[in-house]
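Below is one structure, written out as structure tokens, with a few remarks after it.
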Amino acid sequence: MAGIPKDQAPKNQAPKNLPPERGLAPTIQKLRLRYAKRGRLRFSSHRDFQRALERALRRANVPIAYSAGFSPHPKISYSNSAPTGVASEAEYVEIGVTEICDPELIRRELDAALPPGLDIVEVVQAHGSDFASRLEASLWQAEIMATEAEVRQAIDSLMGESEVLVERLTKSGKRIFDARAAILSLVVQVQESNAPESDAYVILHMVVRHITPSVRPDDVLAALKQVGGLVPQKPVRVTRLAQGPLNPLEEVSNPVGDPFDPDRVLA
Amino acid sequence: MNPRVAVRGASVFNELETLLPFVSKPIQYVGGELNAVTKAWDETDVRWVLMYPDAYEVGSPNQGVQILYEVLNEQDRVLAERTYAVWPDLEKLMREHAVPQFTVDAHRNIADFDLIGLSFSTELGYTNMLTALDLAGIPLHADQRDSHPIVIAGGHAAFNPEPIAQFIDAAVLGDGEEAVLLITDIVKRWKSDGEPGGREGVLLALAQTGCVYVPRFYHVEYLPDGRIHKVTPNRPDVPWRITKFTLMDLDAWPYPKAPLVPLAETVHERMSVEIFRGCTRGCRFCQAGMITRPVRERSITGIADMVENGLCKTGFEEVGLLSLSSADHSEIADIARNLADRYEKTQTSLSLPSTRVDAFNVDLANELSRNGRRSGLTFAPEGGSERIRRVINKLVSEEDLIRTVTTAYSNGWRNVKLYFMCGLPTETDEDVLQIATMAREVIRAGREASGRRDIKCTVSIGGFVPKPHTPFQWAAQLDHESTDARLHKLKDAIRADREFGKAIGLRYHDGKPGIVEGLLSRGDRRVGNVIEAAWRDGARFDGWSEHFSFDQWMRAADTGLEGTGVSVDWFTIREREYTEVLPWNHLDSGLDSEWLWEDWQDALTEVAVDDCRWTPCFDCGVCDQLSTEIQVGPTGVVDLPMPAPRLSPVLVDRTESTDQVART
């Protein structure tokens, strides 16, 4: 708020536009939420989810803490969110509340207050402030309409490279960066033998490390197209299955761990 | 379009889904809003699509559609779903992949429904209607439809539906709540009776109610000079005039009870409660104020219940108390004080989108912003000079305005927005240039009152478009060249002001879109060909400056009006005589045409009339014709009980959990 220098201040000074006094209760508990973005609501953007969550918090009457100032904001912090159009089973958000809440009740009430498709999967009381650093990598699942041979060949070509420059349109224009270094593994999932024949999707699991600039699943798919000539017949449907700490390499079946583990241990 | 072979009412979402990754803002097409309704197709008998013919972000907050959606879905065995205009990027893909216009609720083809109800707030949605019908494989021309849905226009623009007469099956004037129920009953009976008389049979049953206009049953004859000779029924069993619906007792209709909460960002990120309908201020340019008479207030208790209920059901943070002039509610001071008390320590904010120029309005705004920020206040003097304000019957003196803004600035408001119009009847350059003088005085008064130099005044100017059923329906519209020239002079005058110019913001649009709006507003059936030609040439989203093309419309007018002897100028910048048959003369808004004409003459002689809510009746005709009267308070209720506190269901026993925190 730019004031007027004292020597210029006129006589009849109007009441100052001060921030209003409110019953600003302090944050006494932090909760971490894992939520899923499913079905048609995968087309919601991060901002869409933010608005929906804030409304759901009010509907469920969660005693959310607010920041001070002219336009108080609810204390909510989001971790790296999945892109618009990508479904997710593992999105994370942290909220501050002014009264002690039961995490499971919060989960149930918030889930009921959100539209179906935006689902609260788990809520834990936060322990430690290192949450962001626990999210080292994501496990993405891509449903690709192509033959298994085509997919495998593209993977081989991509993994054989040490660098694959891809291009993405960002808010600040076109950006070119390496998509290869962040990719830890690309594994074609073995299909159930009883899957219907028309179901020509290849299920690909991609483990991608969180680096800057971030490499998103569409960047990996762009790299597969660029180096391996993979052109799916339909838009690829992508779901984030997990994000969290990287497990040791030998845990092949479970490459990405659960970031709530430390919260649970300390609880 | 190649009609897909599909079960009626089947979802087309799978087909749509493959297109969504390639379009902007896909969330607006997927539905799934909080409080949306889906019903099994086979468990319903009468099925409506409600369309707001603009983008989802504009259409989804629309109160009219939300109210009818809920009123209809509350009925047993009646289904209502919604559809909005798709952006050109998706339209292109839908055409390539033969995906039909769909509802956002259950993603059904709109062609599968019995009725399509379109809400036209503005005429600039006409081309979007054609896109939707075409995408669904519904013939554009009503006379070529057989088993297709019955297309019904409503909303303010439906008070002159003649330009779209060839595309719609029917039009409804006035309040929709009871209208849709009446229509539903007629269609239900017609269907259960085995559809007697076919399509014409049901349209006849609707027309015979006297309040549903079916253009095909009326014939228009023209004079050699192009004016209308007469509009007459072309069969003996339909009424000569069609009357509007008027809902009385708003408290009995507390809709929307469960407002929709879109996931996508929309133009109004708030919940709205309509505090009254109608307006009797008598501003002569204002179609809404004329066609929604009489005033019908919702009671203070009814309003408070809707606010509390809506907040619980939606989680919105802001509530707008809507009406055409909200500060005019007879109990507004008590309403504002009670609601401000109720929501004082909460994050809920209240807003009163009122533009009345008086200090009382500032008091209300202060009350409602008790616990919030005071950024901007909006007032609408509409005319720059006192003379032109008498012409338009906006009874605001310069002293009123200065007193009002002084109060606003001294109460901590920093930006005052002023709304004006350009191109009003009898207007001269001088009238418009006085806007600059006024803005200057506002800043001067504001600097003095607030003791600050950082205050602002934003001047917004809209081009005036004469509308049917108003005293200005006979007026000549100002041509777009003169509008632009006048606005440029104003801009220069403001810019040239060294002392105040920088504190004054000016917002305006060029005059061209107003001419197309004028053509569509006061056009007759001959304008239908222009609309179709413009649409075939690619006209879409005409209300959006980035999509609107004046040249496209003028080309369309050249072909569409060929051989008629009339032109765009003839429809827009020509003044009408008393004796001329106007295209909407057979559509009854309740206003007495003698009264309208007298009011037009009073305008020309700069005679103002008062608000009949507080002064004796001026015989506009509405109350007489509806055998009703204005419905205003007082209800006698001054203080409202606080609502029961909403318990937080998420708390755990405190004693136990404090330990838990202490441990961490």
Side-chain angles (χ1 to χ4, degrees), chain A residues 2 4 8-17 19-23 28-29 39-41 43-45 47-49 51-52 54-63 66 70-72 74 84-85 97 99-102 105-106 108-110 113-118 125 127 234-236 266-267, chain B residues 13 17-22 25-34 36 107 261-265 269 311-317 345-348 370-374 409-414 447-454 646-654 656-658 660-661 664:
Chain A
I4 319 167
Q8 285 176 28
K11 289 158 238 161
N12 54 343
Q13 186 81 38
K16 278 215 181 96
N17 215 353
E21 275 186 48
R22 270 170 232 244
I28 65 161
Q29 185 189 30
R40 55 183 173 170
L41 290 203
F43 291 106
S44 58
S45 70
R47 281 166 50 80
D48 297 334
F49 177 77
R51 281 191 305 274
E54 288 182 26
R55 286 170 189 156
L57 287 164
R58 285 191 289 270
R59 266 163 56 84
N61 221 357
V62 174
Y66 276 83
F70 270 115
S71 31
T84 305
V97 290
E99 293 182 67
I100 297 295
C101 300
D102 176 343
L105 284 178
I106 289 268
R108 203 178 62 200
E109 295 295 325
L110 261 189
L114 280 164
L118 296 178
Q125 181 165 326
H127 291 277
K234 277 193 171 181
V236 178
L266 289 168
Chain B
F13 188 72
E17 192 179 20
T18 60
L19 311 180
L20 293 181
F22 306 106
K25 300 184 202 164
I27 186 67
Q28 60 193 320
Y29 305 117
V30 304
E33 302 94 338
L34 208 59
H107 294 94
V261 188
L263 275 153
E265 189 166 13
E269 291 286 312
L311 286 172
C312 289
K313 295 229 170 88
T314 63
F316 276 120
E317 204 170 16
K345 299 252 156 86
T346 71
Q347 303 301 326
T348 304
R370 235 192 252 172
N371 55 353
R373 184 193 185 103
R374 288 181 183 171
Y409 286 122
S410 59
N411 276 285
W413 300 88
R414 316 168 144 257
R447 285 183 182 168
E448 200 165 300
S450 68
R452 319 179 58 116
R453 287 187 66 83
D454 66 343
R646 283 196 286 151
L647 294 175
S648 192
V650 293
L651 304 179
V652 291
D653 182 52
R654 284 204 82 150
E656 196 183 307
S657 48
T658 329
Q660 213 181 342
V661 165
T664 62

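Chain A is the first sequence line, chain B the second, and so forth, proteins listed ahead of strands; every chain is numbered from 1. Computation of the quantities below employed the complete heavy-atom set of this structure, encompassing side-chain atoms and omitting hydrogens, waters and symmetry-equivalent molecules. Quick caveat, the model's predicted, so the values are computed rather than measured.
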Proximal component of A:A113, with respect to chain B [non-hydrogen, under 4.5 Å]
backbone

If we ignore hydrogens and angles and just use 3.5 Å, is the side chain of A:R58 paired with the main-chain N or O of B:G315 as donor and acceptor?
yes

For A:P115 and B:G32, which heavy atoms make the closest approach, and how far apart are they?
CB-O, 3.5 Å

Give the C-alpha distance, both sets of side-chain angles, the deciding distance and a yes or no for side-chain contact (heavy atoms from CB on, under 4.5 Å) between A:R59 and B:V261.
CA-CA 12 Å; A:R59 266 163 56 84; B:V261 188; 5.9 Å; no

Taking C-beta and beyond as the side chain, do B:P26 and A:T84 meet within less than 4.5 Å on heavy atoms?
yes

Ranked by heavy-atom pairs below 4.5 Å to chain B, first place among A:S45, A:S44, A:A52 goes to A:S44

Shortest non-hydrogen contact between A:R55 and B:T314, atoms and distance:
CB-O, 3.7 Å

Against chain A, label B:F13 side chain, backbone, both or neither, depending on which of its atoms sit under 4.5 Å from a heavy atom there.
side chain

Among the listed options A:G85, A:G117, A:P63, the residue most often paired with chain B at heavy-atom distances under 4.5 Å
A:P63

Between atom CG of B:L20 and atom CZ of A:R40, what is the distance when rounded to the nearest 0.5 Å?
11.5 Å

State the CD-CZ distance between B:E265 and A:R47, to the nearest 0.5 angstrom.
4.5 Å

Okay, A:Y66 and chain B: the region with an atom under 4.5 Å from a heavy atom over there is side chain

Contact class of A:R51 relative to chain B, heavy atoms under 4.5 angstrom:
side chain

Euclidean distance, B:L34 CG relative to A:L114 CG, rounded to 0.5 Å
8.0 Å

Testing the basics here: between A:L41 and B:G31, what is the closest heavy-atom pair and its distance to 0.1 Å?
CD2-O, 4.2 Å

Okay, A:L118 and chain B: the region with an atom under 4.5 Å from a heavy atom over there is side chain

Check A:F43 against B:P21 and note the closest heavy-atom contact, atom names and distance.
CE2-N, 4.2 Å

Report the option among B:K25, B:K313, B:E17, B:Q28 that has the most heavy-atom pairs separated by less than 4.5 Å from atoms of chain A.
B:E17

